[in-house]
Undergrad: 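Structure in structure tokens, see below.
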Amino acid sequence: MADNTYDAIVVGSGISGGWAAKELTEKGLKVLLLERGRDLVHIKDYVNATKGSWEFPHRGGRTQQMINDYPVLKRDYPLNEVNLDYWASDKDCPYSEKKPFDWYRGYQVGGRSLMWGRQSYRLSPMDFEANAKDGIAIDWPVRYNEMSPWYDHVEKFAGISGNKDGLPQLPDGQFLPPMELNCVEKDVAARVKEHYKGQRLITIGRVANITVAHQGRTACQYRNKCWLGCPFGAYFSTQSSTLPAAVKTGNLTLRPFSIVTKLLYDKDKKRATGVEVLDAETNKTYAFNSKIVFLCASSFNSTWVLFNSATDIWPGGLGSSSGELGHNVMDHHFRCGAGGTAEGYEDKYYYGRRANGIYIPRFRNVNGDKRDYIRGFGYQGGASRQGWRRDVAEMSIGGDYKDALTEPGAWTIGMTAFGETLPYHDNTISLDKDKKDKWGLPVLSMDCEIRENEKKMRNDMMQDAKEMLEAAGIKDAKTFDNGYTMGMGIHEMGTARMGRDPKTSVLNRNNQVWDAPNVFVTDGACMTSAACQNPSLTYMALTARAASFAVDELKKQNL
């Protein structure tokens with residue numbers, strides 16, 4: 001459009017940004033979608049998606065050079081040679097840590113929608129009411145009955161496969177046929193259900209992998225290579241789902257290599273007028289104008305943009321008048337649980353590589369249960385047979401050893417708990433103006449940690465898992481705690497929370513910045529509490545809801 005002017009600008013093209021682009025273009029708005037990283041074209045640019053492990057120089061592993069070049073990524077699984085270019089460069093995009101924080105980012109079209117774990121769960125009525133009930137932080141300004149139609153809306157389009165389990169703490173949704181539990185999981189699930197008289201449930205994960213053809217996409221092929229990009233479009237990503245829908249309208253302009261450095265703000269009208277963009281390739285600066293802006297750059301990056309905006313009016317940035325911008329960082333603490341061996345299944349195997357696992361919904365502090373901590377946790381895991389990479393303790397060399405490795409090993413089962421982290425006001429991010437990134441921009445500084453409530457919870461997260469496995473007849477059940485640092489869940493949330501009062505929140509109930517009502521923040525930054533479920537489905541629902549509201553308000557000329 002002329003003069004770089006659009007009806008709406010969407011900042012970020014990940015899960016939330018893709019949804020904002022789809023919803024706004026389908027409602028007739030001319031939309032500019034800005035992505036700070038490169039374009040990554042569906043199918044064509046999934047260069048490693050069909051490779052076997054033997055086709056990689058280091059069989060998919062990591063080299064000493066990679067370890068030296070990626071001091072943050074090396075802390076966990078993201079550092080590997082199969083999709084390294086999907087993860088943001090530690091060198092180009094550094095950050096500061098007052099306390100250890102593992103920040104794993106994806107800077108390309110599609111963002112982390114290409115690498116996410118795809119587990120898709122609704123928050124429950126209990127979750128939206130928890131802060132008010134517990135007197136923690138502030139109350140959510142929305143309730144489940146308001147969100148339920150929007151969960152329906154996004155589930156129907158994204159394609160979520162799962163089982164309807166009838167649990168109040170994990171509401172059912174609009175599901176495609178579920179994937180199957182394998183034989184060990186079915187037996188363990190039956191024994192757990194019997195032992196706990198139905199108070200604990202093992203079900204198949206609710207996952208954004210389609211099990212039947214859906215929206216022009218092909219069903220999951222059970223390759224379990226989702227994080228390389230799926231040529232079949234079998235899992236939900238911006239590339240496979242929302243971006244094609246937005247492009248189809250003819251109303252979308254996509255601009256990669258566009259780092260939004262700040263929102264442009266008119267203090268007289270108390271509205272944003274657009275955004276300032278630094279071209280990541282040329283270092284030239286551009287301004288784009290719009291009636292509304294959707295900030296969907298990921299939790300911390302959206303807040304980074306707010307920090308840098310309207311600083312002539314608010315030194316802390318646009319949205320800082322409440323004193324809550326940058327506060328209340330949350331994640332899901334995990335990396336602990338239990339595992340063991342299932343005997344008696346040596347004649348059983350399974351088909352393919354299911355891109356999913358089991359899920360055990362929260363059972364602590366519900367149904368009359370009361371612990372010495374608040375909130376709770378759920379488990380993800382699964383059972384499988386050990387393969388040729390296993391060690392055979394009795395042998396280490398020779399023909400017999402090779403022969404042994406041609407047969408599947410023992411069946412094992414494990415479960416890892418994901419626990420809720422409370423929204424502590426002094427878990428914060430802030431600008432570190434003394435440290436700059438590749439483009440000379442100030443970076444974020446992290447000052448976050450889990451507290452006593454989470455540490456008490458972790459004891460149950462391990463012991464409950466061991467107890468359930470033993471009750472189901474699993475042998476040699478052992479707990480594990482592999483250590484957790486904030487950020488490792490890659491579920492960073494908070495820093496620009498929703499609320500009912502501009503004095504205690506950054507956003508109102510419609511995801512509008514109190515100080516600039518034509519600016520909407522709908523990614524994880526808006527979360528008021530974390531629950532223990534994976535959060536991406538809630539981002540989708542909140543984004544679709546806010547987009548509908550924004551278009552209605554534009555029609556009424558309120559924005």
Side-chain angles (χ1 to χ4, degrees), residues 1 3-14 16-17 20-21 24 29-36 253 255 257-280 284-322 324-326 429-431 433 437 439-444 495-498 502 505-508 510-526 543 546-547 549-550 553-554 558-559:
M1 297 178 71
D3 302 320
N4 288 345
T5 299
Y6 298 82
D7 295 321
I9 292 173
V10 177
V11 182
S13 63
S16 303
L24 295 170
L29 272 60
K30 297 294 184 181
V31 175
L32 175 64
L33 178 59
L34 297 171
E35 168 54 52
R36 66 174 291 151
T253 300
R255 193 183 197 280
F257 294 114
S258 300
I259 302 173
V260 174
T261 54
K262 63 182 174 183
L263 299 171
L264 303 173
Y265 184 75
D266 185 325
K267 62 182 178 182
D268 295 322
K269 295 181 179 178
K270 296 184 179 179
R271 297 289 189 274
T273 60
V275 301
E276 185 176 278
V277 165
L278 177 67
D279 189 295
K284 292 182 178 179
T285 298
Y286 300 89
F288 296 95
N289 304 310
S290 65
K291 299 172 185 174
I292 59 174
V293 178
F294 267 67
L295 269 183
C296 303
S298 81
S299 301
F300 292 177
N301 284 321
S302 289
T303 295
W304 181 90
V305 173
L306 293 173
F307 280 151
N308 287 298
S309 303
T311 53
D312 56 329
I313 305 167
W314 300 280
L318 181 63
S320 66
S321 60
S322 65
E324 295 298 333
L325 186 66
I429 61 171
S430 58
L431 284 181
K433 297 182 179 179
D437 66 11
W439 297 273
L441 299 168
V443 304
L444 286 174
T495 69
R497 69 185 179 191
M498 298 170 70
S505 57
V506 179
L507 312 173
N508 69 12
N510 295 304
N511 295 84
Q512 297 167 281
V513 176
W514 288 107
D515 299 322
N518 66 334
V519 177
F520 296 79
V521 183
T522 65
D523 56 22
C526 76
T543 301
F549 174 83
E553 289 294 286
L554 279 175
N558 290 337
L559 297 178

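Residue numbers run from 1 in the order of the sequence given.
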Undergrad: Looking at every non-hydrogen atom in both residues, tell me the closest pair between Glu324 and Ser505 and how far apart they are.
TA: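 Minimum heavy-atom separation between Glu324 and Ser505: CG-N, 4.3 Å.
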Undergrad: Quick check for you: to the nearest 0.5 Å, what is the distance between Asp523 atom CG and Asn511 atom CG?
TA: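 Spacing of CG (Asp523) from CG (Asn511) equals 9.5 Å.
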Undergrad: Could you tell me whether the side chain of Val260 reaches within less than 4.5 Å of the side chain of Ile9, counting heavy atoms only?
TA: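 Result no, sub-4.5 Å side-chain heavy-atom pair not found.
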Undergrad: Within the side chain of Ser302, is there an N or O that forms a donor-acceptor pair under 3.5 Å with the backbone of Ala297?
TA: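 Confirmed, Ser302 side chain pairs with Ala297 backbone.
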Undergrad: Look up atom CD1 in Ile429 and atom OG1 in Thr303, then write down how far apart they are to the nearest 0.5 Å.
TA: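 Reported value, rounded in 0.5 Å steps: 5.0 Å.
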Undergrad: What's the separation between atom CG in Leu34 and atom CZ in Phe257, rounded to the nearest 0.5 Å?
TA: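 Here the interatomic distance stands at 13.5 Å.
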Undergrad: Between Asp7 and Lys30, is the closest basic N to carboxylate O distance under 4.0 Å?
TA: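 Answer for the salt bridge query: no.
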Undergrad: Keeping the roles fixed (side chain from Asn518, backbone from Ile292), state whether a donor-acceptor pair exists under 3.5 Å.
TA: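 The answer is no, because no donor-acceptor pair under 3.5 Å joins these two groups.
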Undergrad: Quick one: does Leu441's side chain get under 4.5 Å of Trp304's, heavy atoms only?
TA: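 They are in contact (side-chain heavy atoms under 4.5 Å apart), so the answer is yes.
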Undergrad: Looking at Ala21 and Val10, what are the two nearest heavy atoms and their distance?
TA: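 In this case the closest contact between Ala21 and Val10 is N-CG2, 4.2 Å.
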Undergrad: Kindly give the heavy-atom pair with the smallest separation between Gly319 and Leu325, and that separation in Å.
TA: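 Gly319 and Leu325 have their closest heavy atoms at O-CB, 3.8 Å.
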Undergrad: Heavy atoms, side chains only, cut-off 4.5 Å: are Thr261 and Asn308 in contact?
TA: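 They are not in contact (no side-chain heavy atoms under 4.5 Å apart), so the answer is no.
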Undergrad: Judged by atom type as modelled, is there a donor-acceptor pair below 3.5 Å linking the side chain of Trp439 to the main-chain atoms of Ala280?
TA: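 Present.
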Undergrad: At their closest point, which heavy atom of Phe307 faces which heavy atom of Gly326, and how far apart are they?
TA: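 For Phe307 and Gly326, the tightest heavy-atom pair comes out as CZ-CA, 3.8 Å.
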Undergrad: For Val443, is there any backbone N or O sitting under 3.5 Å from a side-chain donor or acceptor partner on Asp437?
TA: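 No: the side chain of Asp437 does not pair with the backbone of Val443.
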Undergrad: Strictly distance-based, threshold 3.5 Å: is any side-chain N or O of Ser299 a donor or acceptor partner for the main-chain N or O of Ala525?
TA: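 The answer is yes, because a donor-acceptor pair under 3.5 Å joins these two groups.
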Undergrad: Is Ser309 reaching over with its side chain to a backbone N or O of Leu263, donor-acceptor style, under 3.5 angstrom?
TA: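 Side chain of Ser309 to backbone of Leu263: a pair is present.
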Undergrad: Could you pull out the closest heavy-atom pair between Ala496 and Leu306, with the gap in Å?
TA: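 Answer, listing the atom of Ala496 first, then Leu306: CB-CD1, 4.4 Å.
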Undergrad: Measure the OG1-CD distance between Thr285 and Glu276 for me, rounded to the nearest 0.5 Å.
TA: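 It is 5.5 Å, given to the nearest 0.5 Å.
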Undergrad: Measure across Asn4 and Ala287 and return the closest heavy-atom pair with its distance rounded to 0.1 Å.
TA: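 Reported closest heavy-atom pair: ND2-O, 3.4 Å.
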Undergrad: Would you say that Arg271 contacts Pro517 through its side chain, given a criterion of any heavy-atom pair below 4.5 Å between the two side chains?
TA: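 Yes - at least one pair of side-chain heavy atoms lies under 4.5 Å apart.
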Undergrad: Roughly how far, to the nearest 0.5 Å, is the CG atom of Asp312 from the OH atom of Tyr265?
TA: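 Between Tyr265 OH and Asp312 CG, I get 9.5 Å after rounding to 0.5 Å.
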Undergrad: Output, in order, the C-alpha distance, side-chain angles, deciding distance and verdict of side chain to side chain contact (heavy atoms under 4.5 Å, CB included) for Glu553 and Asn510.
TA: CA-CA 11 Å; Glu553 289 294 286; Asn510 295 304; over 6 Å; no
Undergrad: Less than 4.5 Å apart, side chain to side chain, heavy atoms only: is that true for Thr311 and Lys262?
TA: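 SC-SC contact between Thr311 and Lys262 ruled out.
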Undergrad: Taking the six-membered ring of Phe288 (Phe, Tyr or Trp), confirm whether the NZ or CZ of Arg255 is under 6.0 Å from its centre and within 45° of its axis.
TA: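 Judged by the rule (NZ or CZ under 6.0 Å from the ring centre, within 45° of its axis), Arg255 is not positioned above Phe288.
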Undergrad: Could you tell me the separation between the CG atom of Leu33 and the OG1 atom of Thr253, rounded to the nearest 0.5 Å?
TA: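 OG1 of Thr253 is found 9.5 Å from CG of Leu33.
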Undergrad: Of Phe520, Phe549, Tyr6, which meets ring pair (Phe, Tyr, Trp, His ring centres under 6.0 Å) against Phe294?
TA: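 By the ring pair (Phe, Tyr, Trp, His ring centres under 6.0 Å) criterion, Phe294 pairs with just one of Phe520, Phe549, Tyr6: Phe520.
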Undergrad: Among Leu295, Val521, Val519, find the one that has a side chain to side chain contact (heavy atoms under 4.5 Å, CB included) with Leu507.
TA: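 Testing Leu507 for a side chain to side chain contact (heavy atoms under 4.5 Å, CB included) against Leu295, Val521, Val519 leaves exactly one candidate, Val521.
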